[in-house]
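Quick note: numbers below take in every heavy atom, side chains included, and nothing from hydrogens, waters or symmetry partners. Numbers restart at 1 for each chain; the letters A, B, ... are given by sequence-line order, proteins then strands.
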Amino acid sequence: MADNVTNERLTDDAFHAQRETIFREQLGRAPYDLDEALAFSLENAKRGTVAAVLQKAKATGVAAVVPRAGVASWEGQRALMQMLDEAGAAYLPITIDSLTRELQFAEAERRLASSTTEVSALNGYPIVAHGIEANRRLIQSFDKPVIVRANAVDLRITAETGLASGGTAFVSGPMYATLEYSKNTPLSEGISKWQYIFRLMGIYSEAGVPMADDAVGFSQSGTCSVPALMHVGVILDALIMASQGVKHIMLYSMLQGNIAQDVASCLAVEQLATEYLHKLGLDDVSTYVASSDWNGAFPERRPDAYGLIAANVFAAAIARAPLNYVKTIDEGIGVPTAESNADSIRVTRYLMNLIGRQAHAWRTPEIEFELHLNLIQARAILDAIIDLGDGDPVVGSIKGIGTGILDIPFSPNIHVKGNVLPIRDASGAVRFLDHGALPIPAEALEMERERLSHRSADPSALGYQDVVDDLQFLELDTFDPATGTEVKA
Amino acid sequence: MADNVTNERLTDDAFHAQRETIFREQLGRAPYDLDEALAFSLENAKRGTVAAVLQKAKATGVAAVVPRAGVASWEGQRALMQMLDEAGAAYLPITIDSLTRELQFAEAERRLASSTTEVSALNGYPIVAHGIEANRRLIQSFDKPVIVRANAVDLRITAETGLASGGTAFVSGPMYATLEYSKNTPLSEGISKWQYIFRLMGIYSEAGVPMADDAVGFSQSGTCSVPALMHVGVILDALIMASQGVKHIMLYSMLQGNIAQDVASCLAVEQLATEYLHKLGLDDVSTYVASSDWNGAFPERRPDAYGLIAANVFAAAIARAPLNYVKTIDEGIGVPTAESNADSIRVTRYLMNLIGRQAHAWRTPEIEFELHLNLIQARAILDAIIDLGDGDPVVGSIKGIGTGILDIPFSPNIHVKGNVLPIRDASGAVRFLDHGALPIPAEALEMERERLSHRSADPSALGYQDVVDDLQFLELDTFDPATGTEVKA
Amino acid sequence: MTESLQGARVVIGSIGDDIHVVGITILGHALRNAGAEVIQLGIQTPVEEFVATAVAEDADAVFVSSSNGHAAIFCDGVRGLMAAAGADDVLLYVGGNLANTAAADWSEVEARFLAMGFDRAYPSRTQPAQAISDLVADLAQRRSASNG
Amino acid sequence: MTESLQGARVVIGSIGDDIHVVGITILGHALRNAGAEVIQLGIQTPVEEFVATAVAEDADAVFVSSSNGHAAIFCDGVRGLMAAAGADDVLLYVGGNLANTAAADWSEVEARFLAMGFDRAYPSRTQPAQAISDLVADLAQRRSASNG
Ligand code: B12
Ligand code: B12
């Protein structure tokens with residue numbers, strides 16, 4: 001199957017055959033009753049959906065702020081979600097543990113049994129182990145809609161369970177799951193497994209439950225990356241989603257600390273999505289920019305983390321992103337406490353409000369510079385991939401990984417060339433130190449080179465060690481206690 | 001005496017006569033031995049001065065971050081300063097309690113006796129009650145220089161004590177102390193008492209100890225105010241200081257939440273100071289913009305306070321202010337704990353560093369708009385005042401208070417007309433709702449009217465209640481928990 | 001605009017060495033809007049001036065504000081001096097920022113000021129509407145008590 | 001560039017279901033710079049693969065990394081399987097982010113992993129230089145112990 005994967009929509013037959021197989025193989029049982037699940041979901045969706053929240057946010061200009069969070073026990077997860085609800089999350093997350101994601105359902109169940117409301121032995125909520133009935137009770141105990149958050153190559157059972165339980169949004173796609181999260185999986189396999197999930201979402205949507213999905217692309221690598229390259233992944237994920245019938249797509253834009261570049265990144269990803277969805281004739285899709293707080297190494301000290309989150313919110317507010325995925329002030333330490341989750345939402349909302357009022361004043365020439373650069377880079381790569389696939393982005397991506405016209409930095413996946421390296425310029429904006437075989441236009445390379453020359457008179461002297469140092473850029477611990485000032489790097 | 005106050009420098013005779021009188025009247029003793037104090041100070045200044053810290057900050061572009069803090073007991077104050085030192089304060093504050101400021105030295109001494117290291121019965125450090133010897137031990141126990149912070153009409157004994165104890169900077173001036181801090185004192189009296197202090201600082205400076213002073217002007221009224229009007233006070237204070245021989249002046253610029261206006265405010269106050277000091281032939285004075293975190297009602301919740309401080313730091317960093325007076329995340333609650341002081345300094349430093357690197361990208365047209373507006377308003381008022389005094393700003397100010405060409409909002413002082421009212425526009429920038437008799441040029445009024453029209457189609461419909469509501473603007477508590485979004489005002 | 005304080009006479013000011021003017025400005029404005037006759041003493045009002053004004057103006061209530069952390073220093077004697085001046089029936093309210101550390105617990109602070117003889121003590125951020133409706137109630141109760 | 005690990009053979013990877021790759025990438029790079037022969041297993045390495053590789057490659061040390069909060073789940077069996085494979089003399093280090101909550105106390109976490117049989121356990125944010133100098137010391141001690 002994985003050999004001739006294309007961007008075609010899965011047929012009903014193929015979908016249902018695959019459905020039988022995975023339920024039998026992974027759970028040793030027949031599939032959930034889909035009609036029952038759709039009927040439940042339709043009823044449940046009357047109470048609200050993630051798509052509706054996002055539509056409202058886009059229309060009113062008041063951004064939805066959403067955290068990520070999951071613990072093992074039902075009561076613990078209930079308490080966590082209640083606290084996030086009160087803190088003002090626009091919709092509520094259920095983040096799934098990584099044993100479940102890796103299909104180790106039995107082990108997840110064992111660890112759930114050894115977890116208490118206070119102590120979680122898992123790094124998320126084992127949604128399969130809890131079972132649909134308990135999940136529904138959990139979800140229906142809140143007024144706000146729920147997103148089920150997970151990322152891995154094969155989340156078909158997790159998605160089936162999450163959607164049947166009343167979740168109205170899901171996370172991720174094949175680019176992120178395969179190339180940023182898996183060691184051995186070929187991209188073709190990741191795509192085909194995710195196409196199943198998107199088709200499932202399509203079926204729910206066609207039944208009247210508008211399912212939404214986070215297109216993460218290469219935007220959560222945990223390292224800095226050139227925004228255009230992150231967008232390539234987002235757009236490819238989005239095209240694959242939309243082709244299977246997903247109608248509401250959240251476009252990730254990870255914020256990296258250089259505000260002009262971050263604003264441009266949010267603007268670019270929306271523009272690119274519109275362009276390329278249109279190019280493939282997928283016009284009836286709604287998109288929402290999801291600005292996402294910095295996803296790499298966070299400062300350990302809370303005040304610094306507040307500062308970093310503030311810098312991110314500035315960018316998101318200026319770009320008027322309708323959705324912000326917020327990190328917490330405990331990110332650099334460990335799984336956040338309930339209180340720090342609430343505090344992180346509050347500081348985000350406060351600044352969204354304050355800066356949102358003055359956003360129009362901050363569309364600067366620097367943002368236009370970054371936007372132009374971003375667009376010409378992303379279009380060059382996307383066009384080359386789609387051409388390589390003779391118009392099919394799936395075929396093009398799979399081939400592109402082999403030739404390196406699709407390549408990313410710091411990938412754990414053995415099939416990725418890994419010749420690309422990002423580096424920060426003197427202002428903290430992210431550039432290519434090495435663009436490998438990515439078809440970056442000469443104009444863009446020249447723009448980047450000029451910017452890098454402010455960091456080092458001879459940009460070619462910048463090397464791997466600078467890349468490594470940059471990984472900790474936002475920890476920014478350059479304080480000299482003796483003089484009470486920051487020592488400039 | 002107060003009747004014919006001018007901007008002339010105090011003669012040595014007048015100074016020493018006044019010195020004898022105040023020591024006798026207020027402390028019932030002879031003045032401190034000035035030669036001994038100068039000798040001590042000169043020796044002590046070798047370890048560093050506030051002026052030197054500021055010179056370095058201005059030269060390197062790495063801002064000095066300084067908190068304000070004072071408690072009653074010596075040990076408590078020592079512990080507080082040590083913590084601020086470790087947190088990275090560029091120089092250390094000793095804030096004086098308000099009984100001492102109001103010359104109730106005996107009562108302050110009684111309350112000191114009932115204070116412990118843990119519990120302070122006073123809202124600051126009673127510097128006169130502690131005595132020079134103890135103060136010197138306190139100041140000399142730190143490597144960093146010390147600023148003595150106080151504000152009131154008559155701080156002559158406090159200043160004498162602070163300087164003789166080894167402080168190398170002092171706070172405030174007659175505009176702030178008289179018009180923002182006193183109910184009955186006429187401006188002439190406030191000016192003449194502060195001229196004494198500035199002359200004292202001049203004497204130290206001439207002896208080789210470069211004393212620095214915060215020109216606060218109308219920048220700490222506790223309410224929002226049009227920046228140009230705040231600057232008028234700062235410039236008048238600075239001119240009076242410089243005329244008595246103060247050579248290092250920190251120019252306050254209070255940050256109010258609209259970042260473009262705040263950046264412009266920092267740029268304007270420096271430009272105005274240079275212009276008007278030059279106009280009066282006072283060219284050998286160094287000035288340092290002191291961005292000061294919002295000084296009005298603070299949000300009660302810590303994450304909100306972090307957000308507000310972050311917004312302020314953005315402005316300060318873009319303006320490249322060499323000095324930032326930081327508020328704390330506990331400001332809205334009460335006298336801050338040591339820990340929240342440290343946290344507030346840290347978040348400030350983190351963002352100064354991060355945003356400082358990208359400051360050049362944010363000199364926007366909006367900032368130029370605000371800068372132009374600020375300058376034409378401030379120059380019109382300052383020129384009118386100086387004209388009224390036939391070239392003497394002191395004479396002009398005193399007359400101006402009577403005619404209302406010098407007027408401020410929310411003054412507690414009975415001599416102030418109080419016809420001026422500030423109001424926020426839709427972006428949070430502060431405009432005149434009523435400019436009373438201030439000689440604001442037509443061009444400026446038109447610029448403001450246009451901006452206010454975005455808040456209300458009919459700006460003349462905005463009234464006193466809107467002003468009152470605006471006082472709590474930065475508490476911004478518009479959160480709707482049910483939807484998890486901010487409800488726009 | 002509610003006129004529920006029609007006829008009531010309220011003396012208001014910041015006490016002692018306190019220079020915070022914003023709270024009393026707003027509060028005075030709100031009391032006036034609610035129909036009261038407001039005698040605004042402004043900042044740094046000595047205890048004696050509160051008492052003398054209350055007597056001279058035949059006040060129904062005195063609103064003492066203190067924000068600078070020195071409330072405990074200056075508020076202690078108010079009730080005693082009022083009594084000595086024969087004005088024991090005047091309502092005494094106190095508000096502003098009565099503690100002097102962020103760590104203070106409000107219920108303890110409140111108890112302390114009630115013990116000093118204030119009829120009501122308010123935490124910071126009290127909305128004027130709250131104080132106004134309390135005053136309406138307290139005045140009504142007085143009236144019915146003196147009628148009954 | 002210090003070459004103090006010349007000749008040492010180090011197996012490194014993220015364990016179990018962990019996909020965090022940045023830490024092991026940097027650490028591998030640093031070990032290589034210090035002269036070691038690095039066998040990089042990448043992310044999601046099963047315990048069995050650590051053991052088999054250590055044996056096959058005749059490793060001096062195995063660096064197990066776990067960041068995702070599941071360290072306790074996967075690290076328990078490493079020492080036992082190494083012993084069973086007759087490779088009991090291989091140094092076992094573990095690092096990354098070993099607790100699974102921000103509230104955890106490091107000394108307790110460390111004790112737990114040492115009890116599992118690791119020679120050293122490291123808190124998050126450990127600089128590679130620290131681990132390298134510890135490894136130099138541990139290897140030197142082994143060598144002198146086996147010589148003595
Ligand atoms: C603005 C301000 C200033 C301005 C004041 C300008 C002016 N002329 O008014 C300046 C900068 C000058 C200032 C100075 C000082 N301040 Co100040 N200031 C503030 C601040 C930021 C806001 C106060 C305010 O205007 N609030 C808005 C108004 C509307 O609210 P409000 O005053 O609470 O009043 C409302 C209610 O409380 C109620 N209310 C008030 N009084 C009463 C009375 C009654 C009977 C009733 C029913 C209701 C009521 O009505 C109002 C309705 O909205 C507060 C912190 C904060 N809240 O954010 C600190 C604060 C009050 N200040 C403080 C201090 C310590 C000082 C100084 C001593 C600082 C110093 N050491 O230099 C000096 C005071 C010197 C002196 N001699 O008094 C502390 C008080 C500490 C404490 N009590 O625990 C605070 C809390 C700051 C802090 N966190 O440390 N300050
Ligand atoms: C980037 C990141 C990600 C990226 C990873 C991308 C990638 N492919 O690597 C993404 C977004 C994909 C991700 C996913 C997840 N993450 Co994550 N992630 C981070 C983050 C922000 C930075 C990690 C990092 O790169 N640090 C920089 C490197 C250089 O530091 P390091 O890894 O600590 O390594 C250094 C040292 O520790 C040392 N070291 C490391 N290992 C070893 C071993 C030995 C023997 C020695 C001597 C030294 C050593 O060497 C390095 C030298 O500099 C951290 C939080 C933080 N630190 O800010 C969370 C964090 C590690 N993640 C966390 C979690 C829970 C997850 C998820 C489970 C989230 C979820 N529920 O969806 C998933 C994992 C799923 C899975 N199957 O594993 C938690 C872990 C909680 C805990 N342990 O208490 C953290 C702490 C975030 C948090 N506060 O909740 N994550």
- Task: Specify the closest pair of heavy atoms between A:N341 and A:P336, including all atoms of both residues, with the distance to one decimal.
- Result: ND2-CG, 3.7 Å
- Short question: side chain of A:D237, backbone of A:G217 - any donor-acceptor pair under 3.5 Å? yes
- Message: For a quick test of reading the model, state the closest non-hydrogen atom pair linking A:P412 to A:Y181 and the distance between them.
- Response: CG-N, 4.1 Å
- Query: A:S340 versus chain D, heavy atoms under 4.5 Å apart: side chain, backbone, both or neither?
  - Reply: neither
- Note on the structure: When the 4.5 angstrom heavy-atom criterion is applied to A:R101 and chain D, the contacting part is neither
- Message: Side chains of A:T178 and A:K193 only: does a donor on one sit below 3.5 Å from an acceptor on the other?
- Response: no
- Note on the structure: Heavy atoms of D:E48 and D:L81 approach each other most closely as OE2-CD1, 4.3 Å
- Message: Determine whether a donor-acceptor pair (N or O, by modelled atom type, separation under 3.5 Å) exists between the side chain of D:D119 and the backbone of D:L91.
- Response: no
- Run through A:V420, A:V226, A:L229 and flag the one making a side chain to side chain contact (heavy atoms under 4.5 Å, CB included) with A:I408. A:L229
- Message: Can you see whether A:D154 engages A:Q26 through a side-chain donor-acceptor pair at a distance of less than 3.5 angstrom?
- Response: yes
- Note on the structure: Residues passing the ring pair (Phe, Tyr, Trp, His ring centres under 6.0 Å) test with D:Y122, sequence neighbours excluded, are D:Y93
- What is the minimum heavy-atom distance between A:L84 and A:A69, and which atoms define it? CD1-CB, 3.8 Å
- Item | Exercise: do A:S292 and A:R68 side chains pair donor with acceptor under 3.5 Å | yes
- Message: Within residues 51-58 of chain D, which residues come under 4.5 Å of chain A, heavy atom to heavy atom?
- Response: none
- What are the two closest heavy atoms between A:M254 and A:W294, and how far apart are they? CE-CZ3, 3.9 Å
- Max heavy-atom pairs within cutoff under 4.5 Å with chain D, candidates A:G124, A:G332, A:A152, goes to A:G332
- Residue-level interface, residues 68-80 of chain D with chain A, non-hydrogen cut-off under 4.5 Å: D:N68, D:H70, D:I73, D:F74
- Message: Need one label for D:S67: side chain, backbone, both or neither, based on atoms under 4.5 Å from any heavy atom in chain A.
- Response: neither
- Query: Would you call D:R142-D:D89 a salt bridge at under 4.0 Å N-O?
  - Reply: no
- Structural part of D:I26 lying under 4.5 Å from a heavy atom of chain A: side chain
- Query: Which atom names give the shortest non-hydrogen contact between D:G117 and D:L92, and what distance separates them?
  - Reply: O-CD1, 4.3 Å
- Item | Mutual orientation of the aromatic rings belonging to A:Y464 and A:F410 [parallel < 30°, tilted 30-60°, perpendicular > 60°] | tilted
- Item | A:R78 bridged to A:E75 by N-O distance under 4.0 Å | no
- Tell me the residues of residues 12-25 of chain D whose non-hydrogen atoms fall below 4.5 Å from those of chain A, in number order. D:D17, D:I19, D:V21, D:V22, D:T25
- Part of A:L122 lying under 4.5 Å from any heavy atom of chain D: both
- Task: Indicate yes or no: does D:R120 engage D:D138 in a salt bridge with an N to O separation below 4.0 Å.
- Result: yes
- Query: Given a strict heavy-atom distance threshold of 4.5 Å, which part of A:L471 is in contact with chain D: side chain, backbone, both, or neither?
  - Reply: side chain
- Query: With a 4.5 angstrom heavy-atom cut-off, which part of A:E107 approaches chain D: side chain, backbone, both or neither?
  - Reply: side chain
- Item | Part of A:A121 within contact of chain D (heavy atom distance under 4.5 Å) | backbone
